[in-house]
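Just so you know, ligand 1 is whichever comes first in the structure, and atom 1 is the first atom listed for that ligand. One is the number of the first residue; the rest follow in order along the sequence.
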Amino acid sequence: MEAGRLDSDIIVIGGGPAGSAAAITAAAAGLRVRLLERRAVMEDHPGETLHPGVESVLEQLGVAGRLPAVTGSRHPGIRIRWGDSERFEAYGSDLKGPWSGFQVSRAGFDTMLLDRARELGVTRHHSCTVQSLLQAGGRTIGVRTSAGDMTATQVIDATGRTPFPGAGPGTGRTAYSPVLIARYGYGTGSLPELDAAPILKGDATGWLWTAMVRPGLYQWTQVALDGSKRHRDWRPTEFGGLVPRGHPRAADVTWRLSRHIASAGWFQVGDAAAVLDPTSANGVLRALLSGLIAAKLACSVISGAACESEAGALYVSWLTDWFFESARTLSRFYSDLGVAGFDESRIPM
Ligand SMILES: Cc1cc2nc3c(=O)[nH]c(=O)nc-3n(C[C@H](O)[C@H](O)[C@H](O)COP(=O)(O)OP(=O)(O)OC[C@H]3O[C@@H](n4cnc5c(N)ncnc54)[C@H](O)[C@@H]3O)c2cc1C
């Protein structure tokens with residue numbers, strides 16, 4: 001690295017949907033972009049049921065036409081069985097007809113976005129782990145990685161749910177729900193009940209989500225709402241006739257908001273900025289949109305069209321409004337069902 005010369009305009013840390021959306025948007029605006037991803041190749045992981053709204057964001061990113069190639073099935077809504085009641089919640093419709101959600105392979109979906117970024121000239125570094133931030137004069141000027149130091153005018157953190165060690169001072173998160181741990185797993189075989197639409201079933205003690213990822217592959221996610229713990233090999237009885245694929249795994253899905261969403265030279269996007277539990281049904285949509293919007297603002301700052309502090313404040317306000325509104329809706333959903341600990345008044349207006 002030459003003294004005084006920045007390696008790129010924008011560094012994006014993380015190659016999930018949020019990072020790719022940011023990289024694509026910045027590269028399409030003509031900026032020099034580096035994307036750093038710690039994995040060698042993208043793997044399948046949860047986040048496979050996509051809200052119909054992703055299609056219009058993917059159009060803006062230039063990849064909507066590639067979505068069918070990574071889509072395993074489509075569904076018009078979710079079946080909800082809660083306590084003794086059962087209902088079908090449709091996604092909605094417009095003049096063209098009912099909207100449908102997408103079941104995607106995340107390895108395929110994430111790779112589709114990364115390929116688009118590469119086509120637009122983004123320099124991708126795989127097997128490259130960001131260890132800490134480089135800071136000078138009160139701003140973020142780059143990152144220290146397993147492949148050396150790299151500098152940029154703006155750094156976008158898209159590292160997902162778990163903050164990377166060395167993410168810098170003030171990167172803590174504030175929780176807005178009781179601790180929520182999701183357990184999830186996969187099974188292969190045939191489960192016709194799930195072929196038409198995913199099922200969310202539960203009661204005041206917890207919920208279980210089951211869905212077909214693609215014909216022959218099914219996924220479940222379970223969250224306890226009463227603090228109870230399952231054995232680590234627990235699987236839903238519905239999956240008894242399927243062949244387990246891998247061991248069940250766990251993820252912390254406690255609702256939380258970062259305390260460092262934007263500052264000089266720095267934006268956080270996707271789960272790095274805000275996490276809600278999967279019943280919100282829009283984690284990937286939120287990741288794509290936040291990546292796109294943060295990158296547009298970073299481009300405006302770099303071109304001189306926007307003042308950095310105002311761009312940061314605008315982004316923080318948009319993201320926190322969305323987070324709190326979604327958290328209030330989820331709080332009402334849980335408290336209407338008699339679940340303790342989800343008082344809407346805990347969420348700021
Ligand atoms: C059990 C479960 C079920 C879910 N189901 C759904 C669902 O059905 N629908 C939905 O929309 N959402 C769902 N979600 C949420 C969804 O998975 C996330 O909101 C979404 O993946 C966030 O995207 P992201 O790009 O912010 O982060 P991620 O997809 O997590 O990507 C982050 C990337 O950053 C990389 N990275 C991390 N640290 C570093 C580092 N230090 N250096 C370099 N690279 C790094 C990681 O390897 C990863 O590729 C679910 C979540 C869970 C836990």
Checklist line | Basic-acidic side-chain contact under 4.0 Å: Arg66, Glu119 | finding: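 Salt bridge present between Arg66 and Glu119.
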
Note to self: Any heavy atom of Cys128 closer to ligand 1 than 4.0 angstrom?
What the structure shows: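 Yes, Cys128 has heavy atoms under 4.0 Å from ligand 1.
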
Note to self: Just to verify, what does Arg79 make a salt bridge (charged side-chain N to carboxylate O under 4.0 Å, His left out) with, not counting sequence neighbours?
What the structure shows: none

Next item on the list: Go through the steps to decide whether Arg332 and Glu344 satisfy the test salt bridge (Lys or Arg N to Asp or Glu O under 4.0 Å), and finish with yes or no.
Entry: CA-CA 6 Å; Arg332 274 196 298 278; Glu344 194 186 335; 2.8 Å; yes

With a cut-off of 4.0 Å, which atoms of ligand 1 are near a heavy atom of [X]?
X: Thr221; answer: 1 (C)
X: Val253; answer: 53 (C)
X: Gly283; answer: 10 (C), 11 (O), 12 (N), 19 (O)

Check: Taking the six-membered ring for Trp, are Tyr91 and His75 parallel (under 30°), tilted (30 to 60°) or perpendicular (over 60°)?
Finding: tilted

Margin query: Please report whether ligand 1 has a polar contact with Arg39, defined as an N or O pair separated by less than 3.5 Å (distance criterion only).
Written below: yes

Checklist line | Polar contact flag for Arg38 and ligand 1 (N/O pairs, less than 3.5 Å) | finding: yes

Check: For ligand 1, does Met42 get within less than 4.0 Å through its side chain, its backbone, both, or neither, judged by non-hydrogen atoms?
Finding: side chain

Next item on the list: Tell me which part of Arg286 gets within contact of ligand 1: side chain, backbone, both or neither, using heavy atoms under 4.0 Å.
Entry: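 Under 4.0 Å from ligand 1, Arg286 contributes no heavy atoms.
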
Taking distance alone, no hydrogens or angles, what donor-acceptor pairs closer than 3.5 Å link side-chain atoms of residues 238-247 to residues at least two apart or in another chain?
| residue | atom | partner | partner atom | Å |
| --- | --- | --- | --- | --- |
| Glu238 | OE2 | Lys201 | NZ | 2.5 |

Next item on the list: Would you please indicate if the ring centroids of Phe109 and Phe102 are separated by under 6.0 Å?
Entry: no

Margin query: Could you measure the distance from the CE atom of Met150 to the CG atom of Leu36? Nearest 0.5 Å is fine.
Written below: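 Output value for this atom pair is 5.0 Å.
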
Closest to [atom] among [options] (heavy-atom distance):
atom: atom 25 (O) of ligand 1; options: Gly19, Ala18, Ala22, Ala274; value: Ala18
atom: atom 30 (O) of ligand 1; options: Ala272, Gly160, Pro17; value: Gly160
atom: atom 37 (C) of ligand 1; options: Thr159, Val130, Val269; value: Thr159

